[in-house]
Structure formats: C-alpha cells, structure tokens
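Quick caveat, the model's predicted, so the values are computed rather than measured.
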Amino acid sequence: MASAEKNAPALAQRSKPDRNLALELVRVTEAAALACAPLVGRGDKEAADQAAVDGMRHMLHSVQMDGLVVIGEGEKDEAPMLYNGEHIGDGSPPAVDIAVDPLEGTALAANGMPSALSVIALSERGTMFNPGPCVYMEKMAGAPEIADLLDLDRPLEQTIGLIAKRKRSDVSDVMVVVLDRPRHEEGIRAIREAGARVRLIAHGDVSAALLAVTERSPVDLLWGIGGTPEGVISAAAVKCLGGQLLGRLWPRNEQERAAAVEAGYDLERVLDRNDLVAGEDVFFSATGVTDGDVLQGVRFPTAGGASTESLIMRTRSGTVRRINAQHDRAKLRELRSPG
C-alpha cells in the first residue's frame, strides 16, 4: 500500500501527455516520410501510401502511450494497419486520441508534385471528433489575426472584404487556397469577382490549412469542401498555431446524410477547432515528403544519407519547432523491411 501511495503522484503525472512526446512524434512522421520517399514520382500511390503506413507503424509501437486511432486509414477490414479504433503505442499512460495520415497527398507523392506530407496529431483521450459516416466537410481556416472574421454562412466575398480591411490591404492582395474541384466553381468565381486571388491545389488539405495559418504565408484563407479526417488533423495544427478552423459536415448523398442523422450528427452545426479537437494538450507533427511552401521534402544528398524537415507543435506550451535531421540510409532499409 505504501509503495502504491508513493507512486501515485508519478502515475497521475503520466496520465497526461508529456512534453517528451513531441520528439517521439517527430520520429514517427520522419519514419513514414523516409519509408515512402523512394517511391516519390514512381506513379504508384498505393505503394507509396503502404510504405508510409509501414514506416509510421514501425515507430508508433515504441512510443510510451496508450493511443487510440480516431482518424486512421479506414475501417479494420479496409486498412489492416492504423485503422480506426486500433490501439497503438506501448500501452502505458498517457491515454490519448490519435489522428494519422501517413501520406497526406498520395497522388502528389506518386507524381512527384509539391506538398506531400506525413502527419500525426495527438490529444487527451476522448477529445477528438469522430466524423462517423461523413467523409467531407465544408472548411474555412485562417491565422489568429483574422480568426474572428471566419463565417461559413456569410457570403464569401464579404468575408474577403473584411479580411482585406483587417489586414489594411487591398482586396487584390488577398489570396484564398482552394482545392481544384468542380464543386468549387461557384465559390472560385465569387472570390475572383470580389477582386481577390485564388491558389488552386490538386490535393493536400492539411498542407493548405498550415499554409493559411502560417506567419508570412502568401495565403490568407483556406476555403472549400474537403476531407473530414483531414479537417480534424488540420484543426489540431491550427489550434497549436492559434488560428481558427470552421467546419460543417457535408454528406455526399442522401444515403450518407441519412446515416449521419441516424448516428446523431447535427448537419447544420458549425464546428470550430475546439469542437474538432477539444483537448487542452494537443500535439501535431508533420514531415515533408515532397518540397512545398510549408516544409522541404525528403532529400538524398549522398549515397548513404537522407535529410528531412519537420514541424512539431504543442498547444500547452505554444512551442513551434522546425527540425532538420540527417538520417542513415541503412536505417531506412530497415524501416522498409518486412520484419
């Protein structure tokens, strides 16, 4: 009894995420990026994604945590590894929710295009939004200085005008990043008719959200309909950076709408960063796979080495770190080996 009482404070302390998890998570995203990097530009997005999943999983089980995958690669039958509901880590405290995207932008990586990332987010157990049957959501994200101006119901051109006024700039200086999809044609037209500019991207919701909330970024606003899982991961990053992300579930069809309503989801509700990730101690880590505006991709400067650039953030401390690392390629082969 005396021994248990003596250890109680230490156990209570470990029930919450520890600052040491930051560097552990960097190792996880580095492993995923390094594992899939040799497949960049090879045209096989499934192989690249699988390599990233394998690399990430290799490192995750060594992390001291009891992790529950809330946002993963899909259901268990569809994704045998890193599936929704899977427990990862070594099983010791703290108990945390995990959101992963081992390769955000599979097509970007497969085609050697910019801004593919490996990402992971972590928060206290029970604090991450589970999107259920809804694959897509409307999104809007921006930096701290315009966070209070975001509104999914206000006409887009009015919001752009407010952003320009807040920034004391001309509307023509405002840049909005948007996924290049037919569903966005009307919104893109409204942005341009308002006098603002559009940066179209092929893929990469998380990278785009980071771009919208990063200081000295050429982008002022993220807008459009994109993946709900990516929305939750982006909300973790946005929360760490002090910006805002708004989202509203967007069922693709009547069947998905009915399933969401039956599951108890309010499809009219606008969710903010705290609804999507309610934790007070949130971690986010991203490692570049291909070069982009936010992070440099994996490079192989010598026959025996590789370099990575990563971004690691934590809400509790407000710390944002960029980590440049050098890696031994012999270790990379171990990451890709079946054993």
* Taking atom CD of Gln158 as the centre, does the number of heavy atoms from other residues, nucleotides or ligands within less than 6.0 Å exceed 12? ->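 Count over threshold, so yes.
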* To do: Inspect the surroundings of CZ in Arg183 and state if more than 12 heavy atoms from other residues, nucleotides or ligands are less than 6.0 Å away.
  =>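 Count over threshold, so yes.
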Donor-acceptor under 3.5 Å ([X] side chain, [Y] main chain):
X: Thr302; Y: Gly305; result: yes
X: Arg199; Y: Val219; result: no
X: Ser172; Y: Ala196; result: no
X: Gln244; Y: Arg273; result: yes
X: Arg192; Y: Val198; result: no
X: Asp101; Y: Gly72; result: no
X: Asp97; Y: Gly126; result: yes

Check whether any side-chain heavy atom of [X] sits under 4.5 Å from a side-chain heavy atom of [Y], and report yes or no.
X: Thr290; Y: Met113; result: no
X: Leu108; Y: Lys45; result: no
X: Val96; Y: Arg125; result: no
X: Asp44; Y: Leu39; result: no
X: Ile201; Y: Leu179; result: yes
X: Leu200; Y: His184; result: no
X: Leu149; Y: Arg166; result: yes
X: Ser118; Y: Met56; result: yes

* To do: Check step by step if side-chain contact (heavy atoms from CB on, under 4.5 Å) holds for Leu311 and Leu210.
  => CA-CA 10 Å; Leu311 187 66; Leu210 283 170; 4.3 Å; yes
* Take Asp281 and Arg314, measure what side-chain contact (heavy atoms from CB on, under 4.5 Å) needs, and give me the verdict at the end. => CA-CA 7 Å; Asp281 202 5; Arg314 187 189 188 193; 2.8 Å; yes
Can you tell me how far [atom2] of [Y] sits from [atom1] of [X], rounded to the nearest 0.5 angstrom?
X: Glu124; Y: Phe283; atom1: CD; atom2: CZ; result: 9.0 Å
X: Leu156; Y: Ile188; atom1: CG; atom2: CD1; result: 10.5 Å
X: Met137; Y: Asp205; atom1: CE; atom2: CG; result: 10.5 Å
X: Ile191; Y: Trp223; atom1: CD1; atom2: CH2; result: 6.0 Å
X: Lys239; Y: Leu276; atom1: NZ; atom2: CG; result: 9.5 Å
X: Arg269; Y: Asp275; atom1: CZ; atom2: CG; result: 4.0 Å

[X] to [Y] - nearest heavy-atom pair and separation:
X: Gly292; Y: Ser115; answer: CA-OG, 3.7 Å
X: Glu30; Y: Ala325; answer: OE2-CB, 3.5 Å
X: Phe284; Y: Ile312; answer: O-CD1, 3.2 Å
X: Ser123; Y: Val282; answer: CB-CG2, 4.0 Å
X: Asn84; Y: Val70; answer: OD1-O, 3.7 Å
X: Val174; Y: Asp220; answer: CA-OD2, 3.2 Å

Electrostatic pair [X]:[Y] at N-O distance under 4.0 angstrom:
X: Arg57; Y: Glu86; value: yes
X: Asp153; Y: Arg248; value: yes
X: Glu24; Y: Arg27; value: yes
X: Lys167; Y: Asp173; value: no

Single-linkage hydrophobic cluster, 4.5 Å side-chain cutoff, [X] and [Y] together:
X: Leu241; Y: Leu117; answer: yes
X: Val238; Y: Val320; answer: yes
X: Leu295; Y: Val26; answer: no
X: Val177; Y: Leu246; answer: no
X: Leu162; Y: Met175; answer: no

* To do: Show your working on side-chain contact (heavy atoms from CB on, under 4.5 Å) between Leu60 and Leu82 and close with a plain yes or no.
  => CA-CA 10 Å; Leu60 273 172; Leu82 298 180; 3.6 Å; yes
* In sequence, state the C-alpha distance, the side-chain angles, and the governing distance for Ser285 and Thr29, and then conclude on side-chain hydrogen bond (donor to acceptor under 3.5 Å, both in side chains). => CA-CA 7 Å; Ser285 177; Thr29 54; 2.9 Å; yes
* Would Asp291 and Arg299 satisfy side-chain contact (heavy atoms from CB on, under 4.5 Å), going step by step from the backbone distance to the final call? -> CA-CA 9 Å; Asp291 287 351; Arg299 298 187 179 183; 2.8 Å; yes
